[in-house]
Amino acid sequence: MKFYVTTPIYYINARPHIGHCYTTIAADCLSRYHRMVGKDVFFLTGTDEHGDKIAQAAEKKGITVEKFTNEMAIEYKKMWQKLDISYTRFIQTTENQHQDTVRAVFKKLMDNGDIYMGQYSGYYCVPCECFIPKTKIDQSNPSCPDCGRPVKIIKENSYFFRLSKYEKPLIEYLDKNPGIIQPAFRLDEVRNFILQGLNDLSVTRQGPVWGIESPTPEKYSVYVWFDALINYLTGAEYADGRTNRFWPPDVQLLGKDILRFHAIIWPAMLMALGLELPGKIFAHGWWTVGKEKMSKSKGNVIDPVYLIDNFGVDGFRYFLLKEVPFGLDGEYSEEKFIKRFNSDLANDLGNLVNRTLNLVEKLFEGTIPDGFLSAEMEKLVDSVIANVDRLINDVAFSEALAEIWKLISELNRLLDSEKPWNSSPETAKRTIAQCVSGISLISLLIYPTMPETSRKIWKMLNIEIQEDKVTLNKKILRLLSGKKSGKREILFMRIKT
């Protein structure tokens, strides 16, 4: 009955953008849902604060690296507060606990013979903080295959992780547990990369590098990516080869550009430590503008603060999770955002709640009438609940929201067909009772995606719910009869175009 979900820790050389928000909102949605169904949830997020780029960024601002990292971590915490993110733990890789965990992992792997001393000679990309195999470099134009920028040639003594040792065990594990890599179409990409052959990974750097000091006589800095992956163990209180009860992670969310680190190096590290592997490693797609990936250099980055301040936090959260199936790339445009907002939120959900409660006020003097769901509506409710549960467990947010909208559509259809404002008192009573009951259940189903909207509906329905005790339970349908409704408000104002 536990659920451990992680985001990648975000590199603090830039302020949080829509990509960071996307992953974190998805993790928050999973966290809120699994709490609702009774699980003890641990939701880990945080910031990655080591490496050359961080030291360079601090120097450029004329402040110490420590001051720079703390200021940037605050920027992320502020954004997560603005986005209504319910994380359990925010980790900074400069924390003493994390540094101790990294050194403990490093020492255990050295003791096991999985880390050894050697000499590194090859290419290194400073912007990506990444070593690049010679086979991936065009010798006529030595540049990073990922970012396209020039690479440095480095030759130095280094400690290596025996990644090559885990080539066969990784393939065997993937063959037995294909569901670990999600979406499923990413599995072949990972397998093919492993089958090309894995080289041992240099895990230390020499020189004046901003990083964690390795437990070696030379006190080299630990390679930033090796350090960063270990944050998931720090969150699970790794010590003396053991973790707390939340291990292993049930779902690890990340962008597709860092899949290989998480689907190859990370599982190999866990195998070397003798620890259980995650349940799911899920790589989502990128948000693009005009078919191009968002980037600062191209000047096409979408400011999440602008969208939140102009259209509300729940409109932003809903759009990101509904517009495109999680795992695929999604194209952003303001036109698409407005269309989705007006259609789904203002017209469908907002209109249903507003006209239902308006009829409660007009026909029943603000008192919610007695009633129950019809057998047909009860069947739809059961189907929606079951399908949402299955789809959330599959990390299929867009499809889960489509299920919830089936119930919203059916209630809107019921109002249109029964016309309670122009029908017999008995028909009006039955229709409105069903709609209020349905809305109360919808308020629970949308809570993981749109918590602020749920709070507003609970207030309008005069339902007292403690957020740390929100449960997905149909009993709520029977608690409203005879209650006075609260003050009505418009949930979503249509955006004028």
Q) Could Glu156 and Arg205 be called an ion pair, given the rule that one side-chain N must be under 4.0 Å from one carboxylate O? A) yes

Q. With a 4.5 Å limit on heavy-atom distance, are the side chains of Ile281 and Val190 in contact?
A. no

(Q) Can you confirm if the aromatic rings of Trp266 and Tyr232 lie within a centre distance of less than 6.0 Å? (A) yes

(Q) Closer than 4.0 angstrom, basic N to acidic O: yes or no for Lys2 and Asp250? (A) yes

Q | Cation-pi, Phe68 ring and Lys61 (6.0 angstrom, 45 degrees) | A | no

Q: Decide, yes or no, whether a salt bridge links Lys78 with Glu75 under the criterion of side-chain N to carboxylate O below 4.0 Å.
A: no

(Q) Could you check whether any side-chain N or O of Trp247 sits under 3.5 Å from a backbone N or O of Leu233, counting only pairs where one atom can act as donor and the other as acceptor? (A) no

Q | Atom NZ of Lys459: over 12 foreign heavy atoms under 6.0 Å | A | no

Q: Over all heavy atoms of both residues, which pair between Met1 and Val37 is shortest? Give the atoms and the distance, please.
A: CE-O, 4.2 Å

Q: For the pair His98 (side chain) and Asp227 (backbone), establish whether a donor and an acceptor sit closer than 3.5 Å, ignoring hydrogens and angles.
A: yes

Q. Does the distance from a Lys or Arg side-chain N to an Asp or Glu carboxylate O, for Asp100 and Arg103, drop under 4.0 Å?
A. yes

Q. Cationic tip of Arg32 within the cone over Tyr447's six-membered ring, i.e. under 6.0 Å and within 45° of the normal?
A. yes

Q) Roughly how far, to the nearest 0.5 Å, is the OG1 atom of Thr6 from the CG atom of Leu44? A) 6.5 Å

Q: Could you walk me through whether Asp48 and Trp225 pass the side-chain contact (heavy atoms from CB on, under 4.5 Å) test, one step at a time?
A: CA-CA 9 Å; Asp48 184 1; Trp225 261 105; 5.9 Å; no

Q. Can you tell me if Asp200 uses its side chain to pair, donor with acceptor, with the backbone of Phe160 under 3.5 Å?
A. no

Q. Hey, what's the ring geometry for Tyr223 with Tyr124, parallel, tilted or perpendicular (30° and 60° as the breaks)?
A. perpendicular

**Q.** Ring centre gap for Tyr22 and Trp287 strictly below 6.0 Å
**A.** yes

Q: Ignoring hydrogens and angles, tell me if any N or O in the side chain of Tyr11 forms a donor-acceptor pair with the backbone of His50 under 3.5 Å.
A: yes

**Q.** Asn342 (side chain) donor-acceptor with Ile495 (main chain) under 3.5 angstrom
**A.** yes

Q) Out of Ile392, Val41, Asp28, which residue meets the side chain to side chain contact (heavy atoms under 4.5 Å, CB included) rule with Tyr33? A) Ile392

Q) Does the side chain of Met72 reach to within under 4.5 Å of the side chain of Ile54, using non-hydrogen atoms? A) no

Q: Report yes or no: do Thr47 and Glu49 form a side-chain donor-acceptor pair below 3.5 Å?
A: yes

Q.
Any heavy-atom pair between the side chains of Tyr173 and Ile180 that's under 4.5 Å?
A. yes

(Q) Looking at Lys67, I want to see if its NZ is surrounded by more than 12 non-hydrogen atoms of other residues, nucleotides or ligands under 6.0 Å. (A) no

Q.
Using modelled atom types and a 3.5 Å cut-off, is there a donor and acceptor pairing between side-chain atoms of Glu403 and backbone atoms of Val388?
A. no

(Q) Surrounding CE of Met493 (heavy atoms of other residues, nucleotides or ligands, distance under 6.0 Å), is the total greater than 12? (A) no

Q. Roughly how far, to the nearest 0.5 Å, is the CG atom of Asp389 from the CG atom of Asp394?
A. 9.5 Å

Q | Neighbour count >12 (heavy atoms, 6.0 Å) for atom CD, Glu335 | A | no

Q.
In the structure I gave you, are the side-chain heavy atoms of Val203 and Ile115 within less than 4.5 Å of one another anywhere?
A. yes

Q: Would you please indicate if the ring centroids of Tyr318 and Phe341 are separated by under 6.0 Å?
A: no

Q: With the side chain counted from C-beta on, respond yes when Asp344 and Phe319 share a heavy-atom pair under 4.5 Å apart, and no when they do not.
A: no

Q | Side-chain (Asn244) to main-chain (Phe246) donor-acceptor, under 3.5 angstrom | A | yes

Q: Carefully, step by step, assess Lys456 and Val353 under the rule side-chain contact (heavy atoms from CB on, under 4.5 Å).
A: CA-CA 11 Å; Lys456 288 178 179 178; Val353 174; over 6 Å; no

Q | Donor-acceptor pair, side chain of Asn13 and main chain of Ala57, under 3.5 angstrom | A | no

Q. Does the side-chain contact (heavy atoms from CB on, under 4.5 Å) test come out yes or no for Trp80 and Cys21, once each step is laid out?
A. CA-CA 8 Å; Trp80 298 164; Cys21 297; 4.1 Å; yes

**Q.** Salt-bridge criterion met for Arg317 and Asp84 (N-O under 4.0 Å)
**A.** no

Q: Evaluate the criterion side-chain contact (heavy atoms from CB on, under 4.5 Å) for residue pair Tyr220 and Val209; output intermediate values, then yes/no.
A: CA-CA 9 Å; Tyr220 296 152; Val209 176; over 6 Å; no

Q. Using 30° and 60° as the class limits, which term best fits the ring planes of Phe106 and Phe226: parallel, tilted or perpendicular?
A. perpendicular

(Q) Measuring from atom CG of Leu349 to atom CG of Asp314, what distance do you get when rounded to the nearest 0.5 angstrom? (A) 10.0 Å

Q) Between Gln92 (side chain) and Asn70 (backbone), is there a donor-acceptor pair under 3.5 Å? A) no

**Q.** Sub-4.5 Å side-chain heavy-atom contact between Tyr76 and Thr24
**A.** no

Q) Out of curiosity, Phe3 CZ to Lys39 NZ, how far, rounded to the nearest 0.5 Å? A) 6.5 Å

Q: Find the distance between CD1 (Ile404) and NZ (Lys322) and round it off to the nearest 0.5 Å.
A: 10.5 Å

**Q.** Heavy-atom check, side chain of Lys280 versus side chain of Val395, under 4.5 Å
**A.** yes

Q: Using a cut-off of 6.0 Å, state whether more than 12 heavy atoms not belonging to Glu59 lie near its atom CD.
A: no

(Q) Can you confirm whether Pro142 sits close enough to Tyr123 that some side-chain heavy atom of one is under 4.5 Å from a side-chain heavy atom of the other? (A) yes

Q. Is the shortest distance from a Lys or Arg side-chain nitrogen in Lys152 or Asp52 to a carboxylate oxygen in the other one below 4.0 Å?
A. no

(Q) If we count only N and O atoms by modelled type, under 3.5 Å, do the side chains of Ser158 and Thr204 hold a donor and an acceptor together? (A) yes

